[in-house]
Structure formats: C-alpha cells, structure tokens
2 protein chains.
Amino acid sequence: MRKGTRRKVRSPEVGDEGTPRGQPLLADVARVAGVSEITVSRVVRGLERISPQTRARVLAAIETVGYVPNRLAGALASSGSMLVGVVLPSLSNIVFADVLRGVHAALAGTGYQPVVGVTEYAPNTEERVVRSMMAWQPRAMIVAGFEHTAPARRMLEASPVRVAEIMDIDAAPIDVAVGLSHRKAGYDSARHLVSRGYRRFGYVGHDWERDRRARLRYDGMRAALGEAGLDLVDERRVDGPSTTADGRAMTAALLAGDGRPDVVVFSNDDMAVGGVFHCFATGLVPRRDIGLFGFNGLDIGQALPLRLSTVRSNRFLIGRSAAETLIAQAARPSDPTIIDTGYEIEAGETA
Amino acid sequence: MRKGTRRKVRSPEVGDEGTPRGQPLLADVARVAGVSEITVSRVVRGLERISPQTRARVLAAIETVGYVPNRLAGALASSGSMLVGVVLPSLSNIVFADVLRGVHAALAGTGYQPVVGVTEYAPNTEERVVRSMMAWQPRAMIVAGFEHTAPARRMLEASPVRVAEIMDIDAAPIDVAVGLSHRKAGYDSARHLVSRGYRRFGYVGHDWERDRRARLRYDGMRAALGEAGLDLVDERRVDGPSTTADGRAMTAALLAGDGRPDVVVFSNDDMAVGGVFHCFATGLVPRRDIGLFGFNGLDIGQALPLRLSTVRSNRFLIGRSAAETLIAQAARPSDPTIIDTGYEIEAGETA
DNA sequence: CTGTTAGCGCATTCAG
DNA sequence: CTGAATGCGCTAACAG
C-alpha cells in the first residue's frame with residue numbers, strides 16, 4: 001500500500017491545495033515554499049546561514065498554510081526540550097507566585113519555557129509531580145525545599161538534568177540551593193526585637209508539617225531568645241495553612257492567655273496581618289500596646305495603615321536566580337552550590 | 001556502520017549490565033524482563049490484557065533499571081499529549097491562582113496535566129504564549145477572556161483542540177465560555193447598594209486596558225444608576241494593576257474631593273481593602289460614615305475586622321467547570337456553549 | 001547556503 | 001494475551 005521507504009508520504013486522502021487534513025506540517029510549508037524540510041526547520045528556529053530570499057519565501061509559506069511547529073517532535077528529535085520544570089507547594093500563596101514571576105523573568109526570551117506543578121505541600125504528590133515532569137524531559141528542574149520522598153530524590157539525583165532546590169539554604173542540595181537561611185532569619189528577627197526592648201515573646205504560627213521553613217525560623221528565634229536569657233511566654237499554632245483569619249483568632253487567644261506577651265512573632269505576614277486586624281478590632285495600638293512581627297514583606301502588610309514590621313524575603317530574586325543559574329550551565333557541577341539571596345529586616349511600625 | 005534496519009540498536013558504547021549510557025529506555029526494560037517493548041509499554045500505560053506474571057516481571061524490571069517513560073515520544077507516537085494549556089493574565093492575582101486550583105482539581109487523577117502560561121495582561125504576550133502552548137499539541141486550551149490578537153484567535157479557531165474562554169460570558173466564545181456576566185454583576189451591585197439607601201456613588205478603579213472585566217462591571221453599575229435616576233458623583237482610576245495601596249490612596253483622594261460620595265464602589269477587593277484601611281487610618285467608620293463595596297470575595301476582605309461587602313465570584317468553580325467540560329468531550333461541538341458559574345452578593349459589614 | 005539520510009523513543013496497527 | 005513491523009514530525013549530521 002505504501003512505498004517501502006519510510007520517508008513520510010502524505011496519506012492519499014490529501015486535500016488538493018497542499019493543505020491535507022489535520023495540522024499543516026513542515027513538509028507542507030516546504031512544498032509550498034519550494035525548499036526542503038530542513039530549510040524550513042532552520043528558518044523556524046531562526047538559525048543563521050539562510051539567504052534572505054529563501055527566508056522570506058519560507059516565512060510567506062508558513063503564513064499561508066498556517067504552520068504551527070510541533071515541539072513534541074522537535075524535542076524528541078533533538079533530545080532537548082527547552083522545558084524547565086517548576087515544582088511548588090501552592091499557588092494560593094503569593095510567595096510562590098512571586099517565585100514563579102522571577103522564573104518567568106529569567107526565562108523570558110531564552111526560549112526556555114516553565115512548566116509548573118503544584119504539590120499542595122504533600123511529599124507524595126511532589127513525587128508524582130516530579131515523575132510526570134521528568135517524563136517531559138525537561139532541561140532543568142526547580143523544586144521548593146529539600147524534603148522529597150526517597151524515590152523523588154533518587155530521580156532527581158540520578159537524572160542528568162540540573163536541579164535547583166529553592167527557598168531554603170539550611171540543608172545540603174542535590175545540585176544547587178537558592179534561598180535564604182530561615183534559621184538565621186528567625187534568629188536575627190528575635191535579636192532585632194530584643195534590641196528594641198521587647199522581653200515577653202509570644203508566637204503564633206501554622207502547620208510545621210507543611211511548612212518546614214516556618215519551623216526553622218521558630219528554632220532560630222528560640223535560639224536567639226535563649227542567648228538573651230529569654231524564652232517564649234506563650235505560643236499558639238493552627239494545624240492548617242497560614243491564613244489571616246487564623247492569625248487574628250490566635251492573636252486574640254494569645255492575648256487572652258496568661259503569658260501577657262509584649263510582642264507576638266508570627267510565622268508569616270498572612271498571620272501577622274490577622275494580628276493587626278485583631279488590634280484594629282479591639283482598639284489596641286500596635287507597638288504601643290503590643291508588638292507584631294511577621295515574615296515575608298508582602299504588599300498587604302506594607303499597605304496597612306501601619307506598615308507591618310517584618311522580614312523581607314526576596315522571592316522574585318530566588319526564582320530568577322534559580323532559573324538563571326540553571327540555564328547558564330547545562331551540566332551539573334561536581335560540587336553543590338548554594339546561592340544566598342538574603343533578607344532584610346523591615347523595622348516597620350508594628351514592632 | 002549500522003545495520004540497514006532502522007530498528008534501534010544501542011550504540012556500541014553500551015555498558016554491560018543492560019544499562020547503557022543515558023536514560024534507560026523501554027527497550028532496556030524489555031530486555032531485562034525478557035518481553036517485547038510493546039508489552040512493557042502496555043504495562044506502563046496500565047492497559048488490561050496483561051497476565052499478572054508478565055506484569056510483575058515488567059514492573060520489577062522497571063524498578064531495577066529505573067525507567068522513566070519519555071512522554072515526548074509517547075505523545076508523538078500517539079499524537080495526543082494529555083496536556084491542557086492554561087493561559088492566564090497573572091499569577092500574582094489570587095483570583096487566577098484560584099482558577100488554577102480548580103483546573104488542577106478537575107484534572108487530578110484523569111491523566112491530564114495542566115501547563116500554565118502567563119500573559120501579564122498583554123495581548124501580544126498572549127499570542128506568544130498561545131503559540132508556544134499549541135506547539136506542545138495540547139488536548140485542550142483554557143484562556144482567560146475574549147480578547148485575543150487576530151493571529152491568536154485564528155490559531156485557536158483553526159485548531160481542532162477544545163478551547164475554553166474563561167472568567168467572562170459577556171461575548172461570543174470560540175468553543176465554550178465559562179464564567180459570569182461581569183456587566184450583570186456590576187448592575188446588580190449597584191441595585192443592591194441603591195436598595196440599601198446609598199445615593200451618592202463614587203468609584204475607585206484600576207487599569208481598564210488590562211482588565212476589561214472591571215470595565216464591564218463599571219458599565220453595568222452605571223446602567224443601574226441611570227435607571228435609578230442617579231449617577232456617579234466622582235471617580236478615580238489608577239493606570240496600573242489593582243493594589244491595596246492604590247485603593248487606599250484613591251479613596252483618600254475621592255473623599256477629599258467635592259463629590260461627597262456616601263458609598264465607594266471599587267473595581268475589586270484588593271482596591272476595596274485599601275479603602276477600608278483608609279477608614280481605619282482616619283477614624284472613619286465604614287457603612288456609618290461611608291459605604292465600601294468590592295468585587296471577588298477574597299479571603300482578605302472577609303478576614304477584616306469588618307467583613308467587606310462584595311460580590312463573590314466563583315473562581316475555583318470556573319477553573320473546575322472549564323477543565324471538566326473540555327475533557328468530557330474530545331470534539332468541539334458545532335455550537336458554542338456558555339456556562340454561567342454565577343456570583344453572590346455578600347452584604348458584609350462595610351456597605 | 002541548502003539538501004539527503006537516518007533516526008529520536010514510543011504506540012499503533014495488525015498478526016498470531 | 002503477546003509480538004513484529006511501521007511511522008508520529010522533526011532535527012543532527014553529514015554532504016554538496
């Protein structure tokens with residue numbers, strides 16, 4: 001039925017004008033332009049060494065047949081996909097949306113394309129997501145944190161693709177870590193607050209299982225308090241993710257308790273804004289009556305009537321640095337790299 | 001050098017234990033398991049008609065060689081990628097993160113995988129993103145809004161993939177529209193506020209170029225005001241995206257003006273929260289002194305000391321319905337469909 | 001500067 | 001239930 005050669009021959013049920021059923025192919029463009037397929041391929045990929053006339057003819061042909069390249073085939077043939085897998089815990093958290101913006105910024109114009117997966121903070125889901133991203137043969141992977149299931153870790157370690165573990169630099173990375181030391185940030189926060197005269201520390205936080213970095217900040221804070229001869233007078237934690245509503249409720253509970261804190265450190269800004277709202281609702285004046293301190297430096301905290309005192313994490317920079325570093329060098333270096341994107345304490349007006 | 005057949009023959013520089021350089025392939029698993037490639041392929045894809053013994057042997061072989069399927073090749077061979085392209089204006093806006101969560105929810109466990117692109121509200125960027133997504137041969141596309149460049153529209157119309165245009169149902173879709181009538185939502189908001197006794201309407205909004213839906217709500221509001229024999233007494237708009245900080249500043253400006261509004265309608269909750277913050281900062285009491293009304297029903301508005309009066313848009317539902325609808329039927333129906341996910345007016349405590 | 005040839009890794013026919 | 005052949009659409013590696 002078919003010629004013995006495996007060169008593609010359009011099925012007999014071809015239309016008539018060079019536009020067979022289905023999507024137009026490279027071959028259709030080539031036929032219309034009167035050149036070979038590889039020439040079209042070169043034009044599409046913007047390679048040099050094509051005469052202006054030929055290029056123009058090909059471009060015109062692409063336009064007339066409405067050609068859209070099939071990257072599946074292209075990536076398979078060149079065994080390189082120009083995809084960068086990005087595995088994040090959640091997108092409901094602005095923090096990760098910021099990271100993603102950074103990744104986008106670094107990748108814009110490079111030809112690389114990010115593919116995003118969301119784990120909902122579940123290691124098993126992360127494993128599934130990593131597995132399915134790897135199946136698309138990405139050039140690099142960006143994953144949040146160091147906590148992976150054993151199979152996920154094996155996949156990332158065994159594969160030749162570059163891997164950035166982001167947000168955190170408090171552990172040894174597979175390839176490169178980009179982020180900040182949350183332990184140190186917690187430590188410095190407490191030192192800052194002690195230097196401002198606070199002595200009775202309360203803590204309001206969220207689920208440490210889901211957010212190990214919150215735990216690191218907490219540990220750092222306690223270490224600093226210990227060195228200063230202090231300790232927490234009280235603390236509250238909710239089981240779920242951080243929300244402003246829970247921050248508000250837990251602040252109310254903490255202030256109603258016996259600890260009588262003079263400052264409340266929150267696991268992040270979302271929770272801390274809830275603390276500020278509690279003050280607004282009850283007439284307490286932040287800083288004068290109670291110090292409130294967050295983490296992240298989100299816009300919402302800075303838009304409050306009183307600028308939230310917090311630590312600015314550089315999420316955009318984390319995403320951008322990770323992506324830049326990965327695409328700068330195709331091969332994984334022999335030694336792991338750590339990129340510290342730092343943080344800044346924002347004195348603010350609430351502590 | 002090579003056998004005349006085009007059957008793959010591992011390069012001579014093969015290792016020795018059935019684990020050649022590079023990623024293990026289906027053929028490697030087949031060799032180790034002592035079956036044919038197609039049998040491995042069937043096991044991997046979970047097809048029926050495989051004897052338990054064979055399946056077990058294959059599974060074991062997959063484990064020992066550490067096989068990860070190459071979906072690039074799979075999708076090319078089967079000309080179907082199990083990808084769903086999702087094109088959104090921004091991820092910094094929780095609204096779209098919610099939509100994405102809905103898409104994820106609908107796709108979880110179906111084998112489909114979302115691939116996200118971000119346009120930053122720029123039609124030209126949208127065109128680029130659509131083009132590059134289409135190049136991955138997705139099974140379906142979900143795009144925000146109806147505003148596309150002519151080439152982008154042509155690509156979406158011409159392609160056989162299913163297309164959902166989401167957020168908005170105030171225009172004729174290419175295939176299916178999922179969302180709510182923003183015009184009607186604006187209209188109903190104004191009617192609601194009129195019925196609550198407000199007469200002097202102010203408006204604070206953001207860039208209409210970027211956010212056409214905000215414009216539709218505005219138009220609907222003005223229509224309702226007109227019917228009630230009213231009109232805006234004053235309005236302010238910023239050029240950029242909606243932010244809480246701008247909402248606060250514009251509210252201050254509006255209240256300092258000559259219009260003396262008794263209610264301010266905001267383009268969305270982000271802006272409205274800024275209005276509430278302005279009140280907190282100046283001692284004004286929302287509703288008693290000035291009505292404040294938003295749009296979206298974001299968590300932050302409901303966590304305020306006073307629950308923000310607003311309209312709940314069902315973003316999660318929009319994402320889920322769109323994805324469900326698209327994967328329920330592979331072929332594009334002859335007639336466009338419109339799915340109205342509705343909205344609810346939340347009376348709240350600020351208007 | 002342009003063309004020819006031979007796959008990329010897998011899944012779809014068909015046969016058994 | 002399992003296997004052999006063929007090609008998905010494109011690009012790398014040579015030639016010219």
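Each chain gets a letter, A, B and so on, in the order its sequence line appears, and its residues count up from 1.
As judged by a 4.0 angstrom heavy-atom cut-off over every strand, A:Ile50 is placed among residues touching the sugar-phosphate backbone only. Counting non-hydrogen atoms under 4.0 angstrom, B:Leu26 reaches the backbone sugars and phosphates but no base.
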Please tabulate, one pair per line, all N/O donor-acceptor pairs under 3.5 Å involving side-chain atoms of residues 318-326 of chain A, not counting sequence neighbours.
residue: A:Ser321; atom: OG; partner: A:Leu317; partner atom: O; Å: 2.7
residue: A:Thr325; atom: OG1; partner: A:Ser321; partner atom: O; Å: 2.6

Can you list, pair by pair, the side-chain donor-acceptor contacts under 3.5 Å of residues 59-71 of chain B, counting residues two or more places apart and other chains?
residue: B:Thr64; atom: OG1; partner: B:Ala61; partner atom: O; Å: 3.0
residue: B:Asn70; atom: OD1; partner: B:Leu72; partner atom: N; Å: 2.8
residue: B:Asn70; atom: OD1; partner: B:Ala73; partner atom: N; Å: 3.2

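Of the candidate nucleotides C:dG3, D:dG9, C:dT2, C:dG3 has the atom lying nearest to any side-chain atom of A:Val35. The side chain of B:Ser51 lies closest to D:dC1, out of D:dC1, D:dG9, C:dC10.
Comparing A:Leu47 and B:Gly34 by the nucleotide of DNA chain D that holds the closest heavy atom to each, the one mapping nearer the 5' end is B:Gly34. Remark on DNA chain D: of its neighbouring residues A:Ser41 and B:Ala77, the 5'-side contact belongs to B:Ala77, judged by nearest-heavy-atom nucleotide.
At whole-Å resolution of the value, CG in A:Leu76 and C1' in C:dA6 are 13 Å apart. Straight-line distance from the CD atom of B:Glu37 to the P atom of D:dA5: 12 Å, rounded to whole Å. Across the protein-nucleic acid pair, A:Arg55 atom CZ and C:dC1 atom P stand 10 Å apart, rounded to whole Å. As a whole-Å value, the separation of A:Gln53 CD from C:dT2 C1' is 13 Å. Taking atom CD1 on B:Ile38 and atom C1' on C:dC10, their separation rounds to 8 Å, with Å as the unit. One atom, CG of B:Leu25, and another, P of C:dC8, lie 9 Å apart when rounded to the nearest Å. Atom CZ of B:Arg57 and atom C1' of D:dC1 are 13 Å apart (whole Å). Atom pair B:Arg71:CZ and D:dG9:P shows a separation of 20 Å (rounding to whole Å applied).
Residues satisfying the side-chain contact (heavy atoms from CB on, under 4.5 Å) test with B:Gln329, not counting sequence neighbours, are B:Arg162, B:Pro333. With sequence neighbours left out, the side-chain hydrogen bond (donor to acceptor under 3.5 Å, both in side chains) criterion links A:Thr119 to no other residue. Judged as a side-chain contact (heavy atoms from CB on, under 4.5 Å), and not counting sequence neighbours, the contacts of B:Met82 are B:Tyr112, B:Arg139. Scored by the side-chain contact (heavy atoms from CB on, under 4.5 Å) test, B:Thr149 finds B:Pro123, B:Asn124, B:Glu127, B:Pro151, B:Ala152 as partners (sequence neighbours excluded). Residues meeting the side-chain contact (heavy atoms from CB on, under 4.5 Å) test with A:Ser92, sequence neighbours left out: A:Ser90, B:Arg101.
The phosphate of C:dG9 has neither OP1 nor OP2 within less than 4.0 Å of any side-chain N or O from B:Tyr67. Using a 4.0 Å cut-off, some side-chain N or O of B:Thr39 falls inside it from OP1 or OP2 of D:dG3. Distances shorter than 4.0 Å separate some side-chain N or O of A:Ser36 from OP1 or OP2 on C:dG3. Distances shown here put every side-chain N or O of A:Ser79 at or beyond 4.0 Å from the OP1 or OP2 atom of C:dG9. Distances shorter than 4.0 Å separate some side-chain N or O of A:Arg45 from OP1 or OP2 on D:dA12.
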Got a list of protein N/O to nucleotides 14-16 of chain D N/O distances below 3.5 Å?
none

(message) Just to be sure I follow the notation: if a pair is Watson-Crick (purine N1 to pyrimidine N3 plus N6-O4 or O6-N4) or a G-U wobble (N1-O2 and O6-N3), each under 3.5 Å, what dot-bracket string does DNA chain D give, with | for pairs to another strand?
(response) ||||||||||||||||
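With 3.5 Å as the limit, one finds a donor-acceptor pair spanning the side chains of A:Glu165 and A:His148.
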(message) Set out, in order, the CA-CA distance, both residues' side-chain angles and the distance that settles side chain to side chain contact (heavy atoms under 4.5 Å, CB included) for B:Glu147 and B:Glu126, then state yes or no.
(response) CA-CA 9 Å; B:Glu147 293 206 304; B:Glu126 193 204 52; over 6 Å; no
(message) Could you walk me through whether B:Leu83 and B:Met133 satisfy the side chain to side chain contact (heavy atoms under 4.5 Å, CB included) test, starting with their C-alpha distance in whole Å, then the side-chain angles of each, then the deciding distance to 0.1 Å, before giving a yes or no?
(response) CA-CA 9 Å; B:Leu83 294 177; B:Met133 308 229 81; over 6 Å; no
